[in-house]
Amino acid sequence: MAPAQEGEHQLDLFAGAPPADTAPASPASASPSSSFPVPGPATVNLLRPPVQLRRPDPVLAPPVPGETRRQLLAGEFVLEYVLRRSTRRSIGFMIDDDGLRVTAPKRCSLADIDNAIRAKQNWILTKLDERRQRRAARLEKPKVSWDDGARIPYLGGEVTLRLYHAPRNRTDYNPATQELSMGLVQGATEQLVRERFKNWIRQQAEGLFAQRLDLYAARLGVQYAGFSLSSADTRWGSCTVERNIRLNWKLMHFSLPLIDYVVAHELAHILEMNHSARFWANVGRIYPQYEEAKQLLRKRAQEMPVLY
């Protein structure tokens, strides 16, 4: 697992033991989320045939300021990596779908960085190959088409999209039918529908995550300084020494017990900024089924259709 930033612990997206098929039982301490507010039922006139969406032109991602791309000959392989300078005290490595990302102190020379990469090259090459295989497996899955009737994973179930023409954009959720109705102006694109859904699910995440953090913080006997939403591709959550917690809004695609596991995991880092036996003992105090949840979260992440 790539090192985290100084003073921060994170729950990586693919961390954990090999997947198991046994789902964790909802912990006795977890209360149902019936108190979580949801928008009222929508009354709309759905048009048929469904709204035809215009496909957007591809947009290239702009270069990230402060990052440079470099190459290094490591044995028989040419490693390409992105280098970012920071105030951290050590050299860190991160592997994601874009490849190797290296974060190094400003005082480190390029020779020091290259030597650190060569010292870790076996780990780096192994992780890059694992990531390549996972990415290839994901690309084989059909992408979700954001059309009328599309079914999107949500809190262990599914939300059905209902698209209709409207003089202005609006979004309404009916919890009774689990339908998310979107009024779309003429010329709406698939990208617009996807972004509207992301905005809606992020709003739901803010309320639900705050509720679960307060619930489990009280049971663990800790206080967190604040929390924010994350869009990271490689981690579910993180906790800093300042007790600031970040949770990935994409957790909303999974069931509540798996969300609770990540919440319990990050809160436990307030007491132990590591993954020692004492850390896991603290997790187990408020979420006894953490081992099963850790394995199931990894399995569900690998099974998730390509959404974004």
Side-chain angles (χ1 to χ4, degrees), residues 1-16 58-139 225-250 262 265-266 269-270 272-276 279 298 301-302 306 308:
M1 182 180 299
Q5 284 189 317
E6 296 290 339
E8 178 180 355
H9 271 274
Q10 62 198 33
L11 178 57
D12 290 347
L13 196 149
F14 291 103
V59 178
L60 296 178
V64 178
E67 293 186 348
T68 57
R69 186 170 293 276
R70 303 191 71 246
Q71 291 184 340
L72 170 69
L73 183 63
E76 301 176 355
F77 301 93
V78 176
L79 278 177
E80 290 191 356
Y81 67 94
V82 171
L83 174 62
R84 179 178 180 272
R85 298 288 189 169
S86 78
T87 57
R88 61 178 293 153
R89 297 189 295 272
S90 60
I91 299 175
F93 305 93
M94 174 67 70
I95 307 285
D96 58 22
D97 284 345
D98 295 325
L100 172 63
R101 188 178 303 274
V102 179
T103 305
K106 296 177 181 179
R107 58 179 170 77
C108 274
S109 68
L110 292 178
D112 291 335
I113 296 170
D114 288 348
N115 288 334
I117 294 174
R118 289 191 178 97
K120 282 278 193 178
Q121 73 179 58
N122 290 337
W123 177 87
I124 291 171
L125 293 173
T126 298
K127 293 301 179 182
L128 284 173
D129 186 58
E130 291 175 356
R131 178 69 61 171
R132 179 190 60 78
Q133 294 181 37
R134 285 199 294 263
R135 186 170 185 271
R138 287 201 304 274
L139 291 176
F227 98 94
S228 59
L229 298 182
S230 163
S231 300
D233 291 329
T234 55
R235 69 190 69 161
W236 292 125
S238 64
C239 178
T240 69
V241 291
E242 292 83 13
R243 296 180 290 112
N244 290 313
I245 290 176
R246 302 191 73 198
L247 297 172
N248 197 317
W249 59 265
K250 297 172 188 173
V262 179
H265 183 116
E266 298 309 332
H269 277 310
I270 295 177
E272 295 287 338
M273 291 296 292
N274 51 55
H275 289 101
S276 64
F279 165 80
R298 183 186 186 196
Q302 293 171 338
V306 179
Y308 309 109

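The residues of the chain are indexed from 1 along the displayed sequence.
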Exercise. Report the distance from atom CG of L247 to atom SG of C239, rounding to the nearest 0.5 Å.
Key: 10.0 Å
Quiz item: Would you say M94 and T103 make side-chain contact, with heavy atoms under 4.5 Å?
Solution: no
Quiz item: Any side-chain heavy atom of V262 within less than 4.5 Å of one from N248?
Solution: no
Practice problem: Kindly give the heavy-atom pair with the smallest separation between P105 and S90, and that separation in Å. | Solution: CD-O, 3.6 Å
Practice problem: Kindly write out the residues that satisfy side chain to side chain donor-acceptor pair (under 3.5 Å) with T87, not counting sequence neighbours, or none if the list is empty. | Solution: none
Practice problem: With sequence neighbours excluded, tell me which residues meet side chain to side chain donor-acceptor pair (under 3.5 Å) with E80. | Solution: Q71
Quiz item: Roughly how far, to the nearest 0.5 Å, is the CD1 atom of I124 from the CG atom of L100?
Solution: 5.0 Å
Quiz prompt | Sub-4.5 Å side-chain heavy-atom contact between R101 and E67 | solution = yes
Quiz item: Hey, does H265 have a side-chain heavy atom less than 4.5 Å from the side chain of F279?
Solution: yes
Self-check item: Nearest-0.5 Å distance, CD of residue Q121 to CG of residue L73
Solution: 9.0 Å
Quiz item: salt bridge (charged side-chain N to carboxylate O under 4.0 Å, His left out) with E130: which residues, sequence neighbours excluded?
Solution: K127
Quiz item: So do the side chains of S238 and H269 get within less than 4.5 Å of each other, counting heavy atoms only?
Solution: no
Quiz prompt | Residues in side chain to side chain donor-acceptor pair (under 3.5 Å) contact with N244, at least two apart in sequence or another chain | solution = none
Exercise. Answer whether the closest heavy-atom distance between the side chains of L128 and Y81 falls below 4.5 Å.
Key: no
Quiz item: Should D112 and R107 count as side-chain neighbours, where that means a heavy-atom distance under 4.5 Å?
Solution: no
Quiz item: How close do F93 and A116 get, heavy atom to heavy atom, and via which atoms?
Solution: CZ-O, 3.8 Å
Practice problem: Return the set of residues passing salt bridge (charged side-chain N to carboxylate O under 4.0 Å, His left out) with R243 (not counting sequence neighbours), or none when no residue passes. | Solution: none
Self-check item: Pairing residues for S231 by the side chain to side chain donor-acceptor pair (under 3.5 Å) criterion, not counting sequence neighbours
Solution: R202, W249
Self-check item: Main-chain N/O of A104 paired with R85 side-chain donor or acceptor, under 3.5 Å
Solution: no
Quiz item: Roughly how far, to the nearest 0.5 Å, is the CG atom of L72 from the CG atom of L79?
Solution: 6.0 Å
Quiz item: Within the distance-only criterion (no hydrogens, no angle test), does the side chain of N115 pair as donor or acceptor with the backbone N or O of A111 below 3.5 angstrom?
Solution: yes
Self-check item: Contacts of type salt bridge (charged side-chain N to carboxylate O under 4.0 Å, His left out), residue R70, not counting sequence neighbours
Solution: D114
Exercise. Return the set of residues passing ring-ring contact (aromatic ring centres under 6.0 Å, His included) with F227 (not counting sequence neighbours), or none when no residue passes.
Key: none
Quiz item: Short question: side chain of R246, backbone of T240 - any donor-acceptor pair under 3.5 Å?
Solution: no
